[in-house]
Colleague: 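Here you go, one structure.
The sequence lines fix the lettering, A, B, ..., with proteins before strands; numbering per chain opens at 1. The model shown is predicted, which means the values in this text are computed figures rather than measured ones.
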Amino acid sequence: MSRIQVVRPAGAGHETLYVLLASLLIIILAATIVTMRGERVDEVALASHQIDARRDLTAAEQGLYTDLLVAFDEIQALREENAGAPSIDTLVDEGLPPFVTDASSESRGRHQWLWMESGAYLGRSQDSTVAGSFLLILPQTLATPADVWLRHDSATLAPADLGSEALIGAGWKQIATHYDAGVTREHRH
Amino acid sequence: MLRSALARRVFSLLLACALPALALADSGKPLRIGITLHPYYSYVSNIVGDKAEVVPLIPAGFNPHAYEPRAEDIKRIGTLDMIVLNGVGHDDFADRMIAASETPDIKTIEANANVPLLAATGIAARGAGKVVNPHTFLSISASIAQVNNIARELGKLDPDNAKYYTKNARAYAKRLRALRAEALAKVTEAPDASFRVATIHAAYDYLVREFGLEVTAVVEPAHGIEPSPAQLKKTIDQLKALDVKVIFSEMDFPSAYVDTIQRESGVKIYPLTHISYGEYSKEKYEVEMKRNLDTVVRAIQESRA
């Protein structure tokens with residue numbers, strides 16, 4: 001009588017299982033490390049009535065927008081000194097771009113600036129293919145940041161209402177800007 | 001044993017008594033403000049006047065594009081009260097120095113915090129639009145925005161002198177505005193769309209934007225990396241095809257291949273300065289920026305001649 005001895009393969013089934021488990025462990029470990037140390041994607045969400053200062057403006061508009069923000073600092077200082085918003089003439093006398101007429105304003109759309117009693121400076125573009133019309137709304141308080149709106153058609157009428165809803169309805173877009181620190185910095189700020 | 005423990009205790013007690021006196025003496029001293037790049041030395045010096053001392057983090061003569069922190073420079077951070085940073089890519093070495101210093105939690109001022117930034121161009125434009133052009137200091141408007149910002153933040157940290165800083169910042173801003181106005185006054189006729197500009201480095205977008213211009217092409221793949229002969233040929237063909245009228249090159253980092261471009265493409269080359277070389281001084285920014293503005297004006301004028 002022959003004795004049949006069953007010789008099991010040297011753990012083939014187990015080996016496959018162990019290899020799979022080890023692979024899974026490596027994948028989980030790698031995924032955890034990547035999730036923990038990977039670069040964060042700080043996407044800045046824009047509202048539908050906003051446009052991004054870096055991506056959505058023409059070169060002329062980017063220049064004008066920077067000038068407006070700088071002028072805004074000076075306007076706030078003048079408001080504090082004189083208890084009232086400075087007139088366009090005062091801003092021109094101070095030599096503040098974009099209110100002055102020079103070679104730069106010529107090539108950026110020849111905006112005509114006017115002060116609106118409702119509390120804003122309106123810059124009407126004379127060449128909307130180069131740059132749209134701008135609206136700088138002065139905030140009630142001195143510590144609030146500037147609020148700048150842009151409209152791309154040339155036939156811009158002075159908005160009667162400076163409320164966000166009315167401006168959005170009239171086709172104005174609010175310019176939004178955000179800060180991105182250097183990508184190779186030790187601590188992202 | 002017992003005696004040494006007692007001596008230690010007496011010493012600590014004496015030290016504790018002396019500390020408030022030390023702190024008082026400290027607050028009477030002018031602030032020491034660290035800066036990383038030449039333009040920021042000029043900005044901060046003009047804002048603080050004699051109320052604070054401005055200390056460069058890296059000594060004059062080092063190229064900030066290729067700077068590796070040295071032990072003595074890191075040590076100096078321990079003597080500072082705060083540091084003003086470009087923060088958007090031109091002084092990324094500063095964070096590593098601060099982290100390694102005796103005062104890793106030192107107060108920093110992000111000069112560009114509310115400056116509208118432009119996206120980086122060329123090879124630096126990686127990272128889904130998050131990489132920005134760090135050369136905001138090469139524009140008068142973006143410089144004034146930074147000066148105002150630094151003065152505001154300094155005022156928060158040193159409220160006693162806040163008004164003084166604001167006053168100085170406004171006076172400085174006015175002088176900078178005058179520089180720009182003076183240059184623009186010489187451009188009697190605004191350049192039209194056919195006036196196309198290329199630059200060697202992707203550094204001058206902010207500057208040419210003040211003249212209502214846009215950079216059409218950037219020649220160099222990255223700072224200090226010279227294009228290969230094949231790339232150079234492609235660039236020259238591109239410059240011809242784009243009908244570029246002038247190229248702004250780099251005064252501080254001259255390269256031989258720039259001459260080849262001029263010879264082969266026939267496009268006139270005008271050197272601009274990066275303001276990142278030589279001695280630190282209060283006047284440096286105004287002097288060098290005036291030269292840059294004059295160069296751009298000359299390029300516009302000669303393109304018509």
Colleague: With a 4.5 angstrom heavy-atom cut-off, which part of A:L57 approaches chain B: side chain, backbone, both or neither?
Modeller: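 For A:L57, neither part sits under 4.5 Å from chain B.
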
Colleague: Quick check on the interface: out of B:E214, B:K186, B:R170, who has the most heavy-atom pairs with chain A under 4.5 Å?
Modeller: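 The residue among B:E214, B:K186, B:R170 with the greatest pair count is B:R170.
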
Colleague: Can you tell me which portion of B:N112 sits under 4.5 Å from chain A's heavy atoms? Options are side chain, backbone, both or neither.
Modeller: both

Colleague: If you round to the nearest 0.5 Å, how far is CZ of A:F134 from CG of A:D67?
Modeller: 9.5 Å

Colleague: Please check: side-chain N/O of B:T103 versus main-chain N/O of B:D105, any donor-acceptor pairing under 3.5 Å?
Modeller: no

Colleague: Using heavy-atom distances under 4.5 Å, tell me whether A:T177 contacts chain B through its side chain, its backbone, both, or neither.
Modeller: side chain

Colleague: Which one wins on heavy-atom pair count under 4.5 Å against chain B: A:P97, A:P145, A:A53, A:G63?
Modeller: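 Sorted descending by pairs with chain B, the first entry is A:P97.
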
Colleague: Would you find a donor on one side and an acceptor on the other, under 3.5 Å apart, between the side chain of A:E81 and the backbone of A:L78?
Modeller: no

Colleague: Determine the minimum heavy-atom distance between B:R177 and A:G95, stating which atoms define it.
Modeller: CD-O, 3.4 Å

Colleague: Side chain from CB out, backbone as N, CA, C, O: work out which of these in B:P134 comes under 4.5 Å of a heavy atom of chain A, or both, or neither.
Modeller: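 Contact with chain A is absent: no heavy atom of B:P134 under 4.5 Å.
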
Colleague: Just give me the residue among A:L69, A:V130, A:L96, A:V100 that pairs up with chain B most often, heavy atom to heavy atom, under 4.5 Å.
Modeller: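 Most heavy-atom pairs within the cutoff with chain B belong to A:L96.
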
Colleague: Of the listed residues (A:A131, A:S107, A:A71, A:S105), which shares the most heavy-atom pairs with chain B below a 4.5 Å separation?
Modeller: A:S107

Colleague: Between B:H38 and B:F137, does the ring centroid distance fall short of 6.0 Å?
Modeller: no

Colleague: Enter the distance from B:E210:CD to A:R108:CZ here, rounded to the nearest 0.5 Å.
Modeller: 7.0 Å

Colleague: Go through the atoms of B:D205 and report whether side chain, backbone, both or neither lie under 4.5 Å from a heavy atom of chain A.
Modeller: neither

Colleague: Please report the interatomic distance OG(A:S118) to CG(A:L162), rounded to the nearest 0.5 Å.
Modeller: 4.0 Å

Colleague: Between B:G89, B:A145, B:A113, which has the largest tally of heavy atom pairs under 4.5 Å with chain A?
Modeller: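 The answer is B:A113.
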
Colleague: Looking at B:E110 and B:N149, what are the two nearest heavy atoms and their distance?
Modeller: O-ND2, 3.2 Å

Colleague: Give, as side chain, backbone, both or neither, the part of B:K174 having an atom under 4.5 angstrom from any heavy atom of chain A.
Modeller: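 Only the side chain of B:K174 comes within 4.5 Å of chain A.
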
